[in-house]
2 protein chains.
Amino acid sequence: MASQTEENYLKSLFNLANEKDEVNISELASQMQVSMPTVNSMVKTLQKNGWLIYEKYKPVTLTPAGKKDAALVIRKHRLTEMFLVNKMGFGWEEVHEIAEQVEHIHAPKFFERMDEMMGFPTIDPHGSPIPDKLGRIQEINYLSLTECKAGQLVKLAGLTNSSTEFLEFLNGRNLSLGTELRILSKEAYDHSIVVSYSNHTSETLSEKVCEKLLVKVM
Amino acid sequence: MASQTEENYLKSLFNLANEKDEVNISELASQMQVSMPTVNSMVKTLQKNGWLIYEKYKPVTLTPAGKKDAALVIRKHRLTEMFLVNKMGFGWEEVHEIAEQVEHIHAPKFFERMDEMMGFPTIDPHGSPIPDKLGRIQEINYLSLTECKAGQLVKLAGLTNSSTEFLEFLNGRNLSLGTELRILSKEAYDHSIVVSYSNHTSETLSEKVCEKLLVKVM
DNA sequence: CTACATTGTTAGATCAGTCTAACAAAATTG
DNA sequence: CAATTTTGTTAGACTGATCTAACAATGTAG
């Protein structure tokens, strides 16, 4: 069974993997906030346990078992976040920190019960998909708000970043998942976008914000 | 902040402390399932951190800070057990294992929220008191069923042991907290007790069982 | 293609938490 | 109270996860 540390490495590896499923040691080190030698020794351990493929001076790749176990940790994290929001009344900006700890609990029925109580949700409070019990993750491809055209009506469906600061910024603008946005105009110079939604008749969103907003065209 | 290991030692120390607040190294070793040298080195660490008083060849004693922090871990454990039973539908025999893990989560608002959702319960699903936010624990003195007399009507209010096996035994007999028992007779030879309750007209409970049942005389 | 920058590895140390073996103090018991 | 048992301590080793310093391989840019 994976230690908490190992679970954290699996999660990072899963999230950092590129199209070729590869992750560099340096990326992983910076993501995990540890030194490269630490990562070097840890990938050897993870390899020994069948979670990844490692060859000297090459990027590492999760094995199918590694991907599955990583997805199951992510499942625990996202189920927890959803439970905290839907069943315990927390705000979407408060749950990450708690879920970071709860995700390491080894008690299948605890998470099964959460899942059941919530009616088997498929996304977490930030719009990210919740992997199933077998670690399968449904790919959703939303558009970034930056890719949309003026005049379009879109619905906010996900985020590419869920930092507390960003979530609090969105709270301050009354923006939440499900909010329908009308794109009033796009500024060519700085790529900012003017939108209207709910009782906001005109709100300007910077490119920095728009690129983090994932939407579904209505 | 206490590590998980330290939290576990604090909990054991709190539970093992006798009238003089003392705990022997050997007791602690057996409770924690580690060797005596391990305990020896750990108590030195705990002392360094202000949680206990240690002198060579003497039993150890928790400091006020140690007692408080121990009680706060026990609070997290018992709130979790109660939440699992009352809000998530688990049986009282299922919750200990999960709570053993959840108790190490460092997220005050998570436990505050549980507490609030349950209406600030004072006992856990096994009848043990839940310490308050300041680590104060209200002493309840129930009688052991063995101390009761034939003819008395008593209500099951607590347990001195909450092992899964014992809880499953009680489930099999339809015995739960709040059950009112009429003591029909006491057998002098083996100290077994015959009781009636609910729709059980006559059930014989061995001394082993009776001594673990805490009751309130009606 | 060589030089420099970046990335990755090795060696060796540290810390927390654990162990066993050997020994010492304290408690018990004839 | 002396002998034996129980309890506790010390020394030294190990594992997991981390570090820094030194070095080696790879990638990049003139």
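We use all heavy atoms of the structure for the numbers below, so side chains are in, but hydrogens, waters and symmetry mates are not. Protein chains get the first letters and strands the later ones, always in sequence-line order, with residue 1 at the start of each.
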### Query
Quick one: side-chain hydrogen bond (donor to acceptor under 3.5 Å, both in side chains) partners of B/Ser12, sequence neighbours excluded?
none
### Task
State whether B/Ser35 places a side-chain N or O below 4.0 Å from either non-bridging phosphate oxygen (OP1 or OP2) of C/dT18.
no
### Message
Rounding to an integer number of Å, can you tell me how far A/Leu28 CG sits from D/dA17 P?
### Response
14 Å
### Query
Do A/His77 and A/Glu81 get their side chains close enough for a donor-acceptor pair, meaning under 3.5 Å?
yes
### Task
May I ask you to evaluate whether A/Lys44 reaches the phosphate of C/dG8, defined as a side-chain N or O under 4.0 Å from OP1 or OP2?
no
### Message
Between P on D/dG16 and CE on A/Met32, what's the gap in Å once rounded to a whole number?
### Response
16 Å
### Query
Rounding to a whole Å, what distance do you find between A/Asn40:CG and D/dA17:P?
15 Å
### Task
Check DNA chain D against residues 15-27 of chain A and give the residues with a non-hydrogen atom under 4.0 Å, in numerical order.
none
### Query
Would you say the side chains of B/Trp92 and B/Asn171 form a donor-acceptor pair under 3.5 Å?
yes
## Note on the structure
Taken to the nearest whole Å, CE/B/Met36 to P/C/dA22 is 16 Å
### Task
Using only side-chain N and O atoms of B/Thr38, determine if any of them is under 4.0 Å from OP1 or OP2 of C/dC19.
yes
### Message
Quick check against the 3.5 Å criterion: does B/Asn18 have a side-chain atom that pairs as donor or acceptor with the backbone of B/Lys20?
### Response
yes
### Query
Do the numbers put B/Lys212 on top of the ring of B/Phe166, so that NZ or CZ is under 6.0 Å from the six-membered ring centre and no more than 45° off the axis?
yes
### Within residues 47-58 of chain B, residues whose heavy atoms come under 4.0 Å of DNA chain D
B/Tyr54, B/Lys56, B/Tyr57
## Note on the structure
When the rotation axes relating C1' atoms of four end pairs to the next four are compared across the helix from C/dC1-D/dG30 to C/dG30-D/dC1, five pairs an end, they differ to 10° by 0°
### Message
Assuming nearest nucleotide by heavy-atom distance, tell me which of A/Ser3 and B/Ser41 is located more 5' along DNA chain D.
### Response
B/Ser41
### Task
Would you indicate what B/Thr5 reaches in the nucleic acid, counting non-hydrogen atoms under 4.0 angstrom: base, sugar-phosphate, or nothing?
sugar-phosphate
### Query
Atom OG of B/Ser3 and atom OH of B/Tyr9: how far apart are they, to the nearest 0.5 Å?
9.5 Å
### Query
For the salt bridge (charged side-chain N to carboxylate O under 4.0 Å, His left out) test, which of B/Asp115, B/Asp132, B/Asp69 pairs with B/Arg75?
B/Asp115
#### Entry: Set of residues satisfying side-chain hydrogen bond (donor to acceptor under 3.5 Å, both in side chains) with respect to A/Glu112, sequence neighbours excluded
A/Lys133
### Message
For B/Gln138, is the CD atom crowded, meaning more than 12 foreign heavy atoms sit under 6.0 Å from it?
### Response
yes
#### Entry: Interatomic distance where CE belongs to B/Met42 and C1' belongs to D/dG8 [whole Å]
17 Å
#### Entry: Residue pairs involving residues 43-72 of chain B (criterion ring-ring contact (aromatic ring centres under 6.0 Å, His included); sequence neighbours excluded)
none
### Query
Can A/Arg113 and A/Glu116 be counted as an ion pair, charged N to O under 4.0 angstrom?
yes
